[in-house]
Undergrad: 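Got a structure for you, written out below as C-alpha cells; questions coming shortly.
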Amino acid sequence: MPGTVDELALVAALHTGDEAVFAELVEQHSPSMLRVARGYVPSHEIAEEVVQETWIALLKGISKFEGRSAIRTWLFTVMINIAKARGIRERRDADAEIAAYTGGTVDPARFRPPDSAKWPGHWKEHAEPSPFPDTPEGSVLGNELVAVARRELDKLPERQRIVVTLRDILGFDSGEVCELLQISVANQRVLLHRGRAAVRQVLEDYLADVS
C-alpha cells in the first residue's frame with residue numbers, strides 16, 4: 001500500500017538509482033506485466049516490447065512519482081496505457097478491435113442486465129451452471145483443468161480476459177482493477193462474472209466429457 005515503510009524505502013531506492021532494487025522489481029513484476037500486456041497486443045514479442053518500454057518509462061518518470069498509489073499500481077497503469085496505444089497501432093482491421101470488445105462466450109440471456117436492481121451481470125434464477133461433480137479422478141485431472149482454463153481464458157473478449165487475469169491470476173482487488181482500466185465497479189463486476197462464467201462452462205463441458 002502507498003505510504004508504508006517498505007513502499008517509501010522502495011521509492012527512495014529507485015530515486016537514488018539503486019540498480020539492485022530495480023533489478024529485483026523487474027524480476028518480480030515482469031512475468032505478470034507480460035501476461036497483461038499480451039491481452040492488448042497481437043503477439044508475445046510485441047508484449048515483451050511493451051514491458052521493456054514500461055521499465056524505461058519507470059526510470060525516466062520515477063522522479064515525478066508522488067506516492068499517491070502503490071508502485072505496482074502505478075507501474076501497471078503505465079504499462080496498460082502503452083499496451084493500449086501499441087495494440088491500436090498494430091491492428092490493421094478496425095473490425096478486429098471492435099470484435100475484441102464485443103460478443104460473449106456464454107449466452108447473454110443467462111445473465112441479469114447491468115442495470116438490474118439486484119446482482120447486475122450475475123446469473124438469472126435457474127440459469128446458473130451446475131456444480132462441478134465430485135470425482136475420484138479430481139486430483140489426476142487437476143493439471144488438465146488448469147490447462148483447459150488457461151486456453152479458454154486466452155479466447156475471452158479482451159476486456160473480460162484482462163479483468164479475469166488481473167483479479168484471479170495476479171490478485172489485484174476490485175478497486176485497483178477499476179483504477180487501472182478506468183471502468184466502473186459495476187462494469188468490472190459484470191466483466192469478471194462473465195469471464196469466470198465462460199471459463200467455468202468450458203470446465204463443466206470438459207468434466208462431462210471425461211466422466
Side-chain angles (χ1 to χ4, degrees), residues 1-4 6-11 13-14 18-62 65 67-90 100-101 142-143 145-183 185 187-189 191-196 198-200 202-203:
M1 295 296 293
T4 63
D6 288 344
E7 186 77 10
L8 292 174
L10 173 61
V11 173
L14 291 173
D18 191 316
E19 294 183 3
V21 169
F22 178 73
E24 183 178 349
L25 201 64
V26 170
E27 183 177 358
Q28 179 183 358
H29 292 299
S30 285
S32 54
M33 290 168 63
L34 183 63
R35 183 169 185 84
V36 175
R38 182 63 183 85
Y40 289 97
V41 297
S43 73
H44 181 83
E45 290 74 20
I46 295 175
E48 289 182 328
E49 292 177 8
V50 167
V51 172
Q52 291 173 2
E53 288 182 41
T54 303
W55 290 118
I56 293 172
L58 172 67
L59 292 175
K60 292 181 176 179
I62 190 62
F65 180 70
R68 295 178 181 176
S69 61
I71 278 286
R72 184 180 76 158
T73 301
W74 183 76
L75 189 63
F76 273 79
T77 298
V78 172
M79 187 273 295
I80 287 173
N81 287 334
I82 293 173
K84 282 182 178 179
R86 184 63 184 272
I88 291 173
R89 292 200 307 267
E90 293 292 334
Y101 285 88
N143 291 335
L145 290 176
V146 170
V148 170
R150 286 190 177 276
R151 285 198 298 270
E152 183 57 28
L153 180 61
D154 290 339
K155 297 177 184 178
L156 291 178
E158 182 175 290
R159 288 191 297 176
Q160 289 182 21
R161 181 171 66 250
I162 296 301
V163 169
V164 174
T165 298
L166 288 171
R167 289 294 308 276
D168 293 344
I169 296 180
L170 303 182
F172 282 78
D173 62 34
S174 175
E176 288 179 304
V177 173
C178 290
E179 179 182 349
L180 286 171
L181 304 183
Q182 298 181 337
I183 57 177
V185 173
N187 193 13
Q188 187 265 169
R189 185 184 299 119
L191 291 168
L192 178 64
H193 185 67
R194 293 193 173 188
R196 284 174 172 173
V199 174
R200 181 182 178 87
V202 170
L203 292 177

Undergrad: I'd like to check E176 versus F76 (side-chain heavy atoms, cut-off strictly below 4.5 Å). Are they in contact?
TA: no
Undergrad: Testing the basics here: between L180 and T73, what is the closest heavy-atom pair and its distance to 0.1 Å?
TA: CD2-O, 3.4 Å
Undergrad: Can you see which heavy atom on D154 is nearest to which on R35, and at what distance?
TA: OD1-NH2, 4.2 Å
Undergrad: How many angstroms lie between CZ in R189 and CD1 in I183, if you round to the nearest 0.5 Å?
TA: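 Between atom CZ of R189 and atom CD1 of I183 there are 11.0 Å.
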Undergrad: Check whether any side-chain N or O of S30 sits under 3.5 Å from a backbone N or O of E27 as a donor-acceptor pair, and report yes or no.
TA: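 The answer is no, because no donor-acceptor pair under 3.5 Å joins these two groups.
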Undergrad: So, do I71 and L14 sit near enough that their side-chain heavy atoms are less than 4.5 Å apart?
TA: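 Yes, close enough: below the 4.5 Å cut-off.
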Undergrad: On a heavy-atom basis, which atom in V185 and which in S174 lie closest, and how many Å separate them?
TA: CG1-OG, 4.5 Å
Undergrad: Of the non-hydrogen atoms in V51 and A37, which two are nearest, and what is the gap between them?
TA: CG2-CB, 4.5 Å
Undergrad: May I ask you to test the E53-R86 pair for a side-chain heavy-atom distance under 4.5 Å?
TA: yes
Undergrad: Which atom pair, heavy atoms only, marks the closest approach of F22 to L58?
TA: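 Heavy atoms only, the tightest pair is CE1-CD2, 3.8 Å.
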Undergrad: Is the shortest side-chain heavy-atom distance between L153 and L156 below 4.5 Å?
TA: yes
Undergrad: How long is the span from the CD atom in E24 to the NE2 atom in H29, to the nearest 0.5 Å?
TA: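 Atom-to-atom, E24:CD and H29:NE2 are 9.5 Å apart.
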Undergrad: Looking at CZ of R38 and CD of E45, how far apart are the two atoms once the value is rounded to the nearest 0.5 Å?
TA: 8.5 Å
Undergrad: My understanding is that only residues two or more places apart in sequence, or in another chain, count here; which of them pass side chain to side chain donor-acceptor pair (under 3.5 Å) with E48?
TA: H44
Undergrad: Hey, does R151 have a side-chain heavy atom less than 4.5 Å from the side chain of V202?
TA: no
Undergrad: With a 4.5 Å limit on heavy-atom distance, are the side chains of L166 and L181 in contact?
TA: yes
Undergrad: Could you grab the distance from atom CG of L192 to atom CG of N187, nearest 0.5 Å is fine?
TA: 11.0 Å
Undergrad: Which residues pass the side chain to side chain donor-acceptor pair (under 3.5 Å) test with R196, sequence neighbours left out?
TA: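 Once residues adjacent in sequence are excluded, the partners of R196 under the side chain to side chain donor-acceptor pair (under 3.5 Å) criterion are D168.
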Undergrad: To the nearest 0.5 angstrom, please state how far the CD atom of Q52 sits from the CE atom of M33.
TA: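 If I round to the nearest 0.5 Å, the distance is 10.5 Å.
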Undergrad: Residues in side chain to side chain donor-acceptor pair (under 3.5 Å) with E179, at least two apart?
TA: none
Undergrad: Set out, in order, the CA-CA distance, both residues' side-chain angles and the distance that settles side-chain hydrogen bond (donor to acceptor under 3.5 Å, both in side chains) for Q188 and R167, then state yes or no.
TA: CA-CA 10 Å; Q188 187 265 169; R167 289 294 308 276; 2.7 Å; yes
Undergrad: With side chains defined as the heavy atoms from C-beta onward, is the minimum distance between V50 and Y40 less than 4.5 Å?
TA: no
Undergrad: Rounded to the nearest 0.5 Å, what separation is found between the CG atom of L10 and the CG atom of D18?
TA: 9.5 Å
